[in-house]
Amino acid sequence: MKIRTRFAPSPTGYLHIGGARTALFNYLFARHNGGRFILRIEDTDRERSKEEYTEAILEDMRWLGLEWDEGPFYQSHRFALYREHAERLLNEGHAYRCYCTPEELEERREEALKRGRPPKYDGRCRELETPPEGRKYALRFRVPEGRTILNDIVRGTIAFEHQEIEDFVVLRSDRTPTYNLCVVVDDALMEITHIIRGDDHINNTPKQMLLYRALDYPTPEFAHLPMLLGPDRTRLSKRHGATAVGAYMEMGYLPHALVNYLARLGWSHGDQEIFSREELIEKFTLEGVGRSPGVFNPEKLLWLNHHYIKSSSPEELMEPFLRQLDTLGVDATGDERLPLIMRTLQERAKTLKEMAESSLFYFTEKVEFDEKAEKKFLTHEKAALLEMIRDGLKGLEPFTAEDVRALFEQITEEQNIRLKDIAQPVRVALTGRTVSPGIFETIEAMGRELAIKRLEDAIRRIKDRAREGITA
RNA sequence: GGUCCCAUCGUCUAGUGGUCCAGGACGUCGCCCUCUCAAGGCGAAAACACGGGUUCGAGUCCCGUUGGGACCGCCA
């Protein structure tokens, strides 16, 4: 049988890290087995569902490269289907009409909680002989006696006593279906073979299994993934900081870094840390999924991001890098120096945002001098050295980092000075700061024209200051 | 409170009864390299929650304790 998995987010918020991991595991499992990955939007909560969230979720899925084979299907378009199934349950005796109002139920629930009793529906409408006139009713599933055994692929065997399960609502009094019904009907009709989801759904599973049975559909396999936790070991949520996938895109993360990180959170393949997409597909199995919840660790994600930035080609990073520059107000499109510039920054930037920020000196008209740096390194006695470099660069041909190095070495030798005596002043002259990529590669990437202009500017500043010093 | 789940370094994890005085990775610290910052190299500190069993032998199996988490809706 062909394997079919699905990811079924509800559009009541943006795609978050936990959801993305669930989607990824479904995707990988389907791809690994040559199956199909289906996307379904669970938007039956009309109050909270928003179209903008749906759009954002789809965009984030695409960004992560989690291509789905079918869908997106929208539950809000399938209400008739769910009602039909609810009717069937009613007609076949698996469901009954419940005339209790939400207010009454809420009251009883609070009462039960206050007394320390389980806040379970008491089943009072189960065998109603004389239903009240003119009152709205909901449809509740009649949970039979016995127990349900779940053979979870990652958890193993879990038994649920039916006594613990209340007669849950399948169709609300406004005729809208509830989650448990929708999920089962859709998963059954879409012929989902493996339900891979967060283990916050474990307690729903027996209800759903009961529904499959009552509806006479084959029960799929279940695999419940351990939760993702925040640093305080509670379920990962917004209050733990950035958890939306889109936020990571904006912060300059590479989609594959996130994919690689998420894959290793709750799944492992021996000691391997770095996986290409192809490797993930090839190696992913549910047997490799762990059982214990995992703490989301931004530091390790950052490391992976850095790893992929370092090992990518400038061409691969070009588009997202330009986007980051754009948000900083720089349009560098078409700048031929870009590949060289990027190469100087790749091993120094953990995110593309950081990379864009530290690349600004390449693109601005004038350098912004760090006051301390200028005072310390652009001193009067360095002016002559800067002039030598400037002159040397003028005729340097070809103009590669290696040629620049040769020029510097020649000068340090002639002047009997160390490289550091000249590299720092030049660095400050060119970038305004004491920290930058290697000075030779920086000069090459910057280009002859800009480099010379900046050296001259620095020399002028030194001389201007000296003159002021004399007159003052 | 009830039900269910989980338990190896700070974090992610390897480990499927002996090869584990527990391995890798992130992070941390130290050293080296060095034109700054990185990167890189080398090294260090750092864990089997506890208690009982089972077994010749337990991180690995069983039970309990403790601790953590999730769920208990006419939300999904």
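Residue numbers begin at 1 in each chain, while the letters A, B, ... track the order of the sequences. In this text the structure is predicted, and so the values were computed from the model without any measurement.
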Integer-rounded Å distance: B:G27 C1' and A:Glu299 CD
6 Å
How is A:Arg140 classified with respect to the nucleic acid when contacts are heavy atoms under 4.0 Å: base, sugar-phosphate, or nothing?
sugar-phosphate
Okay, side chain of A:Arg83, backbone of A:Arg175: is any donor-acceptor separation there less than 3.5 Å?
yes
May I ask you to verify if any side-chain N or O of A:Lys300 is less than 4.0 angstrom from the OP1 or OP2 atom of B:U13?
no
Tell me what A:Pro293 touches on the nucleic acid: a base, only sugar-phosphate, or nothing, going by heavy atoms under 4.0 Å.
sugar-phosphate
Minimum-distance nucleotide to A:Ile158 side chain [options: B:C72, B:A14, B:C4]
B:C4
With heavy atoms under 4.0 Å as the rule, sort A:Arg235 into base, sugar-phosphate or nothing.
sugar-phosphate
Given B:C12, is OP1 or OP2 found less than 4.0 Å from the side-chain N or O atoms of A:Arg233?
yes
Using a cut-off of less than 4.0 Å, is there contact between a side-chain N or O of A:Arg109 and OP1 or OP2 of B:C74?
yes
Would you classify A:Gly266 as touching base, sugar-phosphate or nothing, given that sugar-phosphate means primed atoms plus P, OP1 and OP2, and contacts are heavy atoms under 4.0 Å?
sugar-phosphate
Under 4.0 Å, heavy atoms only, any strand: does A:Phe440 hit a base, just the sugar-phosphate, or nothing?
base
When only distance counts, do a donor and an acceptor, one from the side chain of A:Arg348 and one from the base of B:C37, lie under 3.5 Å apart?
yes
Spacing between A:Tyr99 atom OH and B:C74 atom C1', to the nearest angstrom
15 Å
The residue, A:Tyr261 or A:Ala349, whose nearest nucleotide of RNA chain B is more 5′ is A:Tyr261
A:Asn204 CG to B:C74 P: how many Å, rounded?
12 Å
Any base atoms under 4.0 Å from A:Thr176, or only sugar-phosphate, or nothing? Heavy atoms, all strands.
nothing
Does this structure show an ion pair linking A:Glu84 with A:Arg78, if we count only N-O contacts that are shorter than 4.0 Å?
no
Presence of donor-acceptor pair under 3.5 Å, side chain of A:Ser436 and base of B:C37
no
Ignoring the backbone of A:Arg427, work out which of B:C4, B:C35, B:C74 is nearest its side chain.
B:C35
Can you tell me the base-pairing partner of B:C61? Count Watson-Crick or G-U wobble geometry only, both distances below 3.5 Å, and say none if there is no partner.
B:G53
Sugar-phosphate only, base, or nothing, as touched by A:Glu166 at under 4.0 Å among non-hydrogen atoms
sugar-phosphate
With a non-hydrogen cut-off below 4.0 angstrom, is A:Leu419 in contact with a base, only sugar-phosphate, or nothing?
base
Would you mind classifying the nucleic acid contact of A:Ser292 as base, sugar-phosphate or nothing, using non-hydrogen atoms under 4.0 angstrom?
sugar-phosphate
Which is more 5' along RNA chain B, the nucleotide nearest A:Val295 or the one nearest A:Glu42? Just name the residue.
A:Val295
With sugar-phosphate meaning primed atoms plus P, OP1 and OP2, does A:Pro437 contact a base, only sugar-phosphate, or nothing at under 4.0 Å between heavy atoms?
base
Only pairs with both distances under 3.5 Å count, Watson-Crick or wobble alike; so what is the partner of B:A7 in this structure?
B:U66
Specify the separation, in whole Å, of atom CZ of A:Phe275 and atom P of B:C26.
14 Å
How would you label the contact of A:Ile422 with the nucleic acid (heavy atoms, under 4.0 Å): base, sugar-phosphate, or nothing?
nothing
Checking A:Tyr137 now: which residues fulfil ring-ring contact (aromatic ring centres under 6.0 Å, His included) with it, not counting sequence neighbours?
A:Tyr99
Donor-acceptor pair under 3.5 Å: do we get one between A:Arg155's side chain and the base of B:C5?
no
Once you round it to whole Å, what is the distance between P of B:A39 and CD of A:Glu441?
14 Å
Under 3.5 Å on both distances, the Watson-Crick or G-U partner of B:G1
B:C72
Counting the atoms with a prime plus P, OP1 and OP2 as sugar-phosphate, which does A:Lys310 contact under 4.0 Å by heavy atoms, base, sugar-phosphate, or nothing?
sugar-phosphate
Pair A:Tyr261-A:Asn297, side-chain donor/acceptor within less than 3.5 Å
no
Look at A:Arg6 together with A:Asp186 and state whether they make a salt bridge at an N to O cut-off of under 4.0 Å.
no
CH2 of A:Trp303 versus P of B:C26: gap in Å, rounded?
5 Å
Any donor-acceptor pair under 3.5 Å between the side chain of A:Glu273 and the base of B:G24?
yes
Could you verify whether a donor N or O on one side chain and an acceptor N or O on the other, from A:Asn204 and A:Tyr179, lie under 3.5 Å apart?
no
Strictly below 4.0 Å, N to O, side chains only: are A:Lys310 and A:Glu347 in salt-bridge contact?
no
Measure from the side chain of A:Pro119, starting at C-beta and using heavy atoms only, and say which of B:C74, B:G73, B:A39 lies closest.
B:G73
Would you say B:A14 has OP1 or OP2 under 4.0 Å from some side-chain N or O of A:Ser268?
yes
Just checking A:Gly438: base, sugar-phosphate only, or nothing, at a heavy-atom cut-off of under 4.0 Å?
base
